[in-house]
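This report refers to the structure that appears directly beneath it.
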2 protein chains.
Amino acid sequence: MKIELYLQQLKEQGFKITPKRKAIIELFSKKKSYLSPQEVLEKLTNNFPGISVSTVYRILEELQDAGILVKIGHEDRQLYYSLCRMPDQHHHHFICRKCRRVEEVDLCNFKEFERFISKNLDCKVENHSVQIGGLCSRCK
Amino acid sequence: MKIELYLQQLKEQGFKITPKRKAIIELFSKKKSYLSPQEVLEKLTNNFPGISVSTVYRILEELQDAGILVKIGHEDRQLYYSLCRMPDQHHHHFICRKCRRVEEVDLCNFKEFERFISKNLDCKVENHSVQIGGLCSRCK
DNA sequence: ATATAAATCGAAACCATTTCGATTTAGGAT
DNA sequence: ATCCTAAATCGAAATGGTTTCGATTTATAT
């Protein structure tokens, strides 16, 4: 997906296109890995000396609200984001434990779970989250 | 699973049976919901006035290490634990968004994922986490 | 009963994240 | 091009969940 499409997406959601927002989208576009706010801050400091921590946190959250980034769940319970390359279709993520690369997994066999749970536990299933870990093609 | 079995499990792992550890296991045994360290602290304060925050955090971590508790992933990225009622077999969890009840889901159709990923992404799959949300039989 | 390694206390540190009032900026209107 | 205004950014301080660590207490093996 091209940068321009993300920027358009941002605009459509009522956000302004600022240099920092653009730079953050570009950053995530060229890396397939997830990043922490601190890491994003460090990468941006070259082009934007003095950029504020709070700005980074806020932009990351806004980009997620706009559907451009997704939060990645991590054991250390800190914030991590990666680019959402399949905004339209439901999918899951494979995450490389070595290089942090995030790959979209365009498969979901959740129906079976849903049937099982509805039947055995008599619960109403509303959502599910799946995250797959391992080594990517480069790291394995 | 009976309390005694958990205590035995604790002992086998080289931990001592202390009143606070026992009380925490009992607490989780009678509630099927997940709890935060703060909540555990509050519940224990009745029987153990002056119990230390650090003790609660430490015990919770140790009980997880011993396989008695499991960490529950939460949007707010804070610590939550619930009792592990199926220590031996691989399973997943259904979590009620209203009452926080945690139900074991004794089903895993991950093989299909694994095949899909290995084939399409050429990755080595090592682990996966699945969490299902909704309303339990009581709350729906 | 004693010894001792493990467990607990408690206060302080830690640190990622959030808050908020002041300042600057993007982008539509003139 | 200039102006206007709401949105965006700054920056320093607060927040608060979690961890640390040295001193004290306790479980349990002997």
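Every chain is numbered from 1, with letters handed out A, B, ... down the list of sequences.
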Response to the item:
Heavy-atom nearest nucleotide on DNA chain D taken for B:Glu61 and for B:Pro19; more 5' hit belongs to B:Glu61
Worksheet item: Can we call the ring centroids of B:Phe110 and B:Phe113 under 6.0 Å apart?
Response: yes
Worksheet entry | Rounded distance in Å - CG (A:Asp65) to P (D:dA7) | 15 Å
Worksheet item: Are A:Arg58 and A:Glu62 within salt-bridge range, i.e. N to O under 4.0 Å?
Response: yes
Discussion item. If you only use heavy atoms from C-beta on, which nucleotide in D:dT18, C:dA6, D:dA8 is closest to the side chain of B:Lys16?
Written reply: C:dA6
Worksheet entry | Atom pair distance, as rounded to whole Å: CD1 in A:Ile59 and P in C:dT25 | 14 Å
Worksheet item: Is B:Glu126 paired with B:Lys124 through a side-chain N to carboxylate O contact shorter than 4.0 Å?
Response: yes
Practice prompt. Nearest whole angstrom, please: distance from the C1' of D:dT24 to the NZ of B:Lys20.
Written response: 12 Å
Practice prompt. Respond yes when some side-chain nitrogen or oxygen of A:Ser54 is under 4.0 Å from OP1 or OP2 of D:dC10, and no when none is.
Written response: no
Discussion item. Counting the benzene-type ring for Trp, do A:His93 and B:His128 have ring centres under 6.0 Å apart?
Written reply: no
Fill in: Atom-pair distance (CG on A:Asp76; P on D:dT19), nearest Å
11 Å
Discussion item. Any donor-acceptor pair under 3.5 Å linking the side-chain atoms of B:Gln8 with those of B:Glu12?
Written reply: yes
Worksheet, complete the sentence: Which of D:dT18, C:dG28, C:dT18 is nearest the side chain of A:Arg77? It is D:dT18
Worksheet item: Can you check the B:Leu63 CG to C:dA7 C1' distance for me, whole Å?
Response: 13 Å
Worksheet item: Has B:Arg58 got a side-chain N or O lying under 4.0 Å from the OP1 or OP2 atom of C:dT8?
Response: yes
Worksheet item: Atom NZ of A:Lys22 to atom P of D:dA8: distance rounded to whole Å?
Response: 17 Å
Discussion item. Does D:dT9 have OP1 or OP2 under 4.0 Å away from a side-chain N or O of A:Thr18?
Written reply: yes
Worksheet entry | Selection from D:dA8, C:dT17, C:dT8 that lies nearest to any side-chain heavy atom of A:Arg21 | D:dA8
Discussion item. Does D:dT19 have OP1 or OP2 under 4.0 Å away from a side-chain N or O of B:Tyr57?
Written reply: no
Discussion item. Could you tell me how far apart A:Leu10 (CG) and D:dA8 (P) are, to the nearest whole angstrom?
Written reply: 9 Å
Fill in: Interatomic distance, A:His74 NE2 vs C:dT17 P [rounded to whole Å]
12 Å
Worksheet, complete the sentence: Closest to the 5' end of DNA chain D, once B:Ser36 and B:Lys11 are matched to their nearest nucleotides, is B:Ser36
